[in-house]
Amino acid sequence: MPVHHVLQQLRRRVRYLSPLLWLAVALLLEASYHVSRFRIATPEQELDPPFYTSCQEPPPPDANHTAVPRESAALVMLARNGEAGAAQHSVASLERRFNRWFRYPYVFLNDEPWSDEFMATMRASTNASVAFEVIPREQWTFPASVDRDRAQASIEAQGREGILYGGLTSYHHMCRFFSGAFYNLEALKKYKYYWRIEPDVDFSCSITYDPFVEMARHKKVYGYTIALGEEGSTCPSLFRQVADWKESHSIRTTDLWKASMSPSRLPWPLRGLARFLPHRDRHGDSWNLCHYWSNFEIADLDFFRAAPYQSLYAHLEKAGGFYFERWGDAAVHALAVNMLVEPRKLHHFADFAYRHDYYYQCPANARDGQLPTSGPLNAAEPSWAPEQDDGIGCRCSCDSSKPRNVGSYCLSKLREPTSTKRPWRTWLLGWVF
Ligand code: GDP
Ligand code: MN
């Protein structure tokens, strides 16, 4: 076939194809524009550096603590009587690494009356004041808005489906309690900040400054150590409920909210069809499941007590997902905080070594930052793991050769709004779109 014939045929075919080509280009551009709206600005400077990056001289022992500035704060642990040993382990660790110098009071919470053994064990583990509280019955049960029989049947079904803790009624009550009633407990009324601890945790660096004072000084609302992805099967409709509440209350989208999301790469109007999938808002964009591991939290109770959070919680309670699904308090807290709090008001306690269950965070020790002649520090922790140039820890004893054993995706994603450092995949995505 002569060349000009081939060219002619090709031209005819392109003409026939061109409306489709234009449509494809338009859809691609629309999808790219959509994704670009989720881009997060890189700040000029770090908006959330560690409060300290080396050991500080701990405050002197002082029974009344008159010389030490203190915040209105408590160390709060929910536990069962049967967990006395594991609870003691946590208290011993926190005392050795922090509270021997600061003496913040403990508040222990239980849904049942405390056993004498549990109380005696805790009293013997600290010089700080301790309170043993029983959670009012109505805050540890099904709310009036939920049909008990239906809820119980759903819990049994969740158990059969193998949803993590889905079959345990008490676990559902616990998550609902930490999502809603916790902040307004009579026993916590007098406090502004809380540090949540659980049985069986370890703190493996010394904490030689007062984190509550620093939270207040830097106007921080929520502090965490570990960020990770939620188990999706526990909360298929949670994100949709939160996102719907956000829209109906015209809440401005912050960079932290964007950091919680994975935009859909589908073009309009296909994108909207995805709204029926789990973890999607009504536009079809999804939550990336990232949240803060709430068994450690240092946070401002007033944020949770204030009207926006209370209104969100009331909406979630009505939606029923604390029982008909197994919404966790960690996911609820994180979505609320990431929606309602300015990114600079969050704090990652990167200098804390923390372990619970299998997961840990372990910073390296700060080079020349260990105050080797400090009497109080030497009495508490005479030796420590090797120091490193970029270390920020104080007398940490954990192995920092692997600083954390949970994937870094969620931590770097949720830190994007406050950090000048970008992981490579963000650059790559920024480049493609
Ligand atoms: P995980 O950390 O999510 O694996 O769950 P845990 O079993 O550690 O429970 C989380 C927290 O809630 C811990 O502080 C437990 O002691 C506490 N907790 C869970 N269920 C109950 C319960 O039925 N009664 C009481 N008093 N505490 C509970
Ligand atoms: Mn736990």
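Just follow the structure's listing: the first ligand is 1, and inside any ligand the first atom is 1.
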> Considering non-hydrogen atoms only, spot the tightest contact between S233 and I163 and give its length.
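Closest approach of S233 to I163, heavy atoms only: O-CD1, 3.8 Å.
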> Do Y104 and D210 have a side chain donor and acceptor closer than 3.5 Å?
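There is such a pair (donor and acceptor under 3.5 Å, judged by atom type) between the side chains of Y104 and D210.
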> Can you tell me how the ring of F212 sits relative to the ring of Y193, calling it parallel under 30°, perpendicular over 60° and tilted otherwise?
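Ring orientation of F212 relative to Y193: tilted.
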> What is the OE1(E198)-the Mn ion (ligand 2)-NE2(H356) angle, to the nearest 10 degrees?
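It rounds to 90°.
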> Tell me the residues surrounding ligand 1, counting only those with a heavy atom closer than 4.0 angstrom, sorted by chain and number.
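Within the 4.0 Å shell of ligand 1, which is judged on heavy atoms, sit L78, A79, R80, E83, N110, D111, W140, Y165, S170, Y171, M174, E198, P199, H356, D357.
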> Taking the ring of W195 and the ring of F102, is the distance between their centroids below 6.0 Å?
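Ring centroids of F102 and W195 are no less than 6.0 Å from each other.
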> Hey, could you give me the CZ/CE distance between F108 and M77, rounded to the nearest 0.5 Å?
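F108 atom CZ to M77 atom CE measures 5.0 Å (nearest 0.5 Å).
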> Between W293, Y224, Y222, which is the residue that forms a ring-ring contact (aromatic ring centres under 6.0 Å, His included) with H348?
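Among W293, Y224, Y222, the one that satisfies the ring-ring contact (aromatic ring centres under 6.0 Å, His included) with H348 is Y224.
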